[in-house]
Amino acid sequence: MLEFIKKQLQTDQEKGRASLQMTVENDYNLPDYKADMIRLVDRQGAVRMGEIHAGPDQILINGTLQFQVLYKCTEEGGICSLKGEIPFAETIHMDGVLETDELIVRGTPEDLSVSMINSRKLNVRALIGISAADMREQQVSLPSGFEEDDVQTLYGHKRILQLVLQKKDICRIHSEILLPSNRPNIRELLWQSVQLRGLDSRIREGEIELTGELLVNILYTGEEDEKQIQCMETTVALHEKLPCSACEADMLFKLDLLQAQIEVTPQEDEDGESRLLLLEGTLDFYLRVWSEEEYRILEDAYSLRDKIQITREPVDLQGLLVKNDSKFKVADQIALENQQTEILQLCASVGEVFIEDSHMVSGGIEAEGILKVRMLYIAASDDMPVGIAEGIVPFTRQIEAEGIQPSDRYELSAELDQLTVIMADNTQADIKAVIGLDAIVFQNRHMDLIDTMARVPEDMETYENQPGVAGYIVKEGDRLWDIAKENHTTVADIMQMNQLSAETVSRGDKLLIVRQFGQG
């Protein structure tokens, strides 16, 4: 065996991807301290992923569906709320998944419905979409050097991404919000929504910097008049840092938000009054960091004295084609159906972005998706002071990725950056939004890398029966290296014999070749 220099390269490969839809359903009894239900007003839900275990060819997933219900209760003019959760367990089949693999699992409530069975019991039913990706680290040995004097070598240069780090990390949120002086104290918090908007991440030396804002909406009853519904919207600036000792400012990275779990809890202030809102929770991220470097790779070798027997190993590596982070605007008007009373005030506008389909097109990627908008409002009705309206805004967007090929792999993520809802009249709402669409395209670098090289005896009789001097007419796609190897000579000798100043040859060129037999 011939010894040659190998350089170790750490890389990541998506070894598998699977998704499914599952139905979670359960009946839920109201606690004894809650008033009876008359009519449902609103519902919202979120999926929280729990323990995830990989086994042979399958992934075991545990999680909970968390829901929040707003309803009209038997108290005069009263609005009540209820929170609950339904645990679930599911198995996803995925060929080849290993226990040591890095699994990225997400869950989304695609459809949540809540219905009254009677005044004390609810039926909660949700269609949950679960997606899983198997991201496996692997080490590849790149042949990068050879030091035998009698061996002719061919080197190539490739820009390849080396995985520096992949990990899951948690950003913990803790903040306090003080009610404005013109707001009454909180008697009961009825409804809450915390939305992450405008998340921006930047790589720094030793850290990932996060900026954005948390949009907080609450609905509550005040202490002075418990029948008077209060709503408030405020923002909390987000400026956090994820430690990353291996990070350098010029590296490529991708930060994916896996799930956000943030709760608002009323607290007493220094005067003992319920005027403080405690904002606590976590943002769960999946971080990958790469360095893009140019590697010198040994591609071929031969000797004029012996035959070099080469074995190769097929390997798929990846380079970066493009990382495109873009924002675009969408606007539409949503019809509000069955509005029996005047809308006095919008309390909260909650938006979610879903990519329903994406595919490669000439020069890029086309994404199709929807923006789901839900509006909670206060109505001019003593019978039903709070209402909900919903709408969908479709969008199609093309992301530029010049040179993308079917063999390439891309990752696409979308988030809501801004959302504005204005009532045009009691039946129409004008929706304006800014959506962030982030794409990263990995070029597939398929290579048959040299694994081993060994000298074996050459059949010199075959060469000795051939003429020592021959003419050659260059064909389409010929390289001097291939011509020299086939004719038992060297690139340098062909260039010298034919007075070539460069290794480039063209179809139809005529070359004089002097074969060299048994030379070292």
Side-chain angles (χ1 to χ4, degrees), residues 10-12 46 49 102 104-106 133 135 137 161-177 193-216 234-264 277-293 318-329 351-353 355 399-401 410-419 433-442:
Q10 190 81 2
T11 184
D12 62 320
M49 306 309 297
E102 185 74 58
I104 309 304
V105 181
R106 292 183 175 92
M135 305 300 295
E137 290 188 31
L161 289 176
Q162 169 160 288
L163 181 67
V164 175
L165 172 74
Q166 72 170 349
K167 68 171 182 175
K168 292 176 183 174
D169 209 341
I170 295 177
C171 176
R172 302 192 182 278
I173 305 298
H174 180 92
S175 186
E176 293 181 350
I177 303 169
S193 169
V194 181
Q195 304 167 75
L196 179 60
R197 298 276 181 88
L199 179 65
D200 184 47
S201 55
R202 298 181 184 275
I203 191 167
R204 308 290 189 193
E205 198 79 20
E207 64 186 21
I208 302 292
E209 183 182 48
L210 304 175
T211 56
E213 66 178 21
L214 297 168
L215 180 64
V216 181
T234 187
T235 58
V236 176
L238 176 71
H239 192 180
E240 300 290 338
K241 295 175 180 179
L242 296 177
C244 177
S245 59
C247 288
E248 296 179 10
D250 60 346
M251 288 180 174
L252 173 72
F253 79 103
K254 192 169 192 304
L255 187 69
D256 293 304
L257 178 63
L258 300 180
Q259 64 180 10
Q261 186 170 8
I262 304 174
E263 291 288 328
V264 179
L277 294 171
L278 184 62
L279 192 69
E280 286 188 310
T282 58
L283 302 175
D284 293 8
F285 290 102
Y286 172 51
L287 172 65
R288 285 169 290 169
V289 181
W290 302 271
S291 64
E292 187 179 29
E293 301 176 25
Q318 58 188 16
L320 175 67
L321 176 64
V322 68
K323 189 175 188 292
N324 189 327
D325 299 341
S326 62
K327 298 183 189 298
F328 64 97
K329 297 178 180 179
E352 292 181 281
V353 180
I355 297 176
I399 305 112
E400 185 177 344
Y410 67 87
E411 296 179 14
L412 198 60
S413 57
E415 64 178 18
L416 183 60
D417 195 68
Q418 298 175 28
L419 176 64
V434 177
I435 296 173
L437 202 56
D438 300 340
I440 184 168
V441 182
F442 300 100

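Any value given below was found using the heavy atoms of this structure, including those in side chains, with hydrogens, waters and symmetry copies removed.
- Note that SG of C247 is 12.5 Å distant from CD of E209, once rounded to the nearest 0.5 Å.
- Across all their heavy atoms, S201 and L255 have their closest contact at CB-CD2, 3.9 Å.
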Is there a salt bridge (charged side-chain N to carboxylate O under 4.0 Å, His left out) between R202 and E207? Walk through the geometry before answering. CA-CA 9 Å; R202 298 181 184 275; E207 64 186 21; over 6 Å; no
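- Side-chain contact between W290 and K254: present, with at least one pair of heavy atoms (C-beta onward) separated by less than 4.5 Å.
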Carefully, step by step, assess L278 and E176 under the rule side-chain contact (heavy atoms from CB on, under 4.5 Å). CA-CA 5 Å; L278 184 62; E176 293 181 350; 3.9 Å; yes
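- For the pair L161 and S291, the minimum side-chain heavy-atom distance is 4.5 Å or more.
- Distance OG1/T211 to NZ/K241: 11.5 Å, rounded to 0.5 Å.
- Residues D284 and Q261 bring no donor and acceptor atom of their side chains to less than 3.5 Å of each other.
- Looking only at side-chain heavy atoms (C-beta outward), I355 and L437 come within less than 4.5 Å of each other.
- Counting non-hydrogen atoms of neighbouring residues, nucleotides and ligands closer than 6.0 angstrom, the NZ atom of K168 exceeds 12 such neighbours.
- Closest heavy-atom contact between C244 and V289: SG-CG2, 4.3 Å.
- Evaluation of the salt bridge (Lys or Arg N to Asp or Glu O under 4.0 Å) rule for D417 yields K327 as partners, not counting sequence neighbours.
- Checking side-chain atoms of D438 against main-chain N and O of S413 turns up no donor-acceptor pair under 3.5 Å.
- Between L412 and A439 the shortest heavy-atom distance is CD1-CB, 3.6 Å.
- Side chains of I203 and E248 form no contact here, defined as non-hydrogen atoms less than 4.5 Å apart.
- Under the 4.5 Å side-chain criterion, counting only non-hydrogen atoms from C-beta, L252 is in contact with L320.
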Take L242 and E240, measure what side-chain contact (heavy atoms from CB on, under 4.5 Å) needs, and give me the verdict at the end. CA-CA 7 Å; L242 296 177; E240 300 290 338; over 6 Å; no
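- Interatomic distance, R288 CZ to L165 CG, rounded to the nearest 0.5 Å: 11.0 Å.
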Apply side-chain contact (heavy atoms from CB on, under 4.5 Å) to L196 and L416, showing your working. CA-CA 8 Å; L196 179 60; L416 183 60; over 6 Å; no
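- Interatomic distance, D169 CG to L287 CG, rounded to the nearest 0.5 Å: 7.5 Å.
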Is there a salt bridge (charged side-chain N to carboxylate O under 4.0 Å, His left out) between E213 and R197 once you walk through the steps? CA-CA 5 Å; E213 66 178 21; R197 298 276 181 88; 5.8 Å; no
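- In this structure a side-chain-to-backbone donor-acceptor pair under 3.5 Å is missing from T234 to V216.
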Can you list the steps and then say if T282 with C171 is a side-chain contact (heavy atoms from CB on, under 4.5 Å)? CA-CA 6 Å; T282 58; C171 176; over 6 Å; no
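- In this structure, a donor-acceptor pair under 3.5 Å is present between the side chains of Y286 and Q166.
- The heavy-atom pair separating D256 from E411 by the smallest distance is OD2-OE1, 4.5 Å.
- Cation-pi geometry between K323 and F253 is met: under 6.0 angstrom from the ring centre, within 45 degrees of the axis.
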Going through the distances and angles, do Q10 and E137 end up as a side-chain hydrogen bond (donor to acceptor under 3.5 Å, both in side chains)? CA-CA 7 Å; Q10 190 81 2; E137 290 188 31; 2.7 Å; yes
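- For the atom pair CG of D325 and CD1 of I440, the computed distance is 8.5 Å after rounding to the nearest 0.5 Å.
- Using a 4.5 Å cut-off on side-chain heavy atoms (C-beta onward), S175 and L277 make no contact.
- Residues T235 and L214 fail the side-chain proximity criterion, which asks for heavy atoms closer than 4.5 Å.
- For the pair D200/L210, no side-chain contact is recorded, criterion being any heavy-atom separation below 4.5 Å from C-beta on.
- No side-chain donor-acceptor contact under 3.5 Å links Q259 to the backbone of R106.
- Note that CD of Q318 and CD of Q162 are 11.5 Å apart. Values are rounded to the nearest 0.5 Å.
- With a 6.0 Å radius and a threshold of 12 heavy atoms from other residues, nucleotides or ligands, E280 has its CD atom above the threshold.
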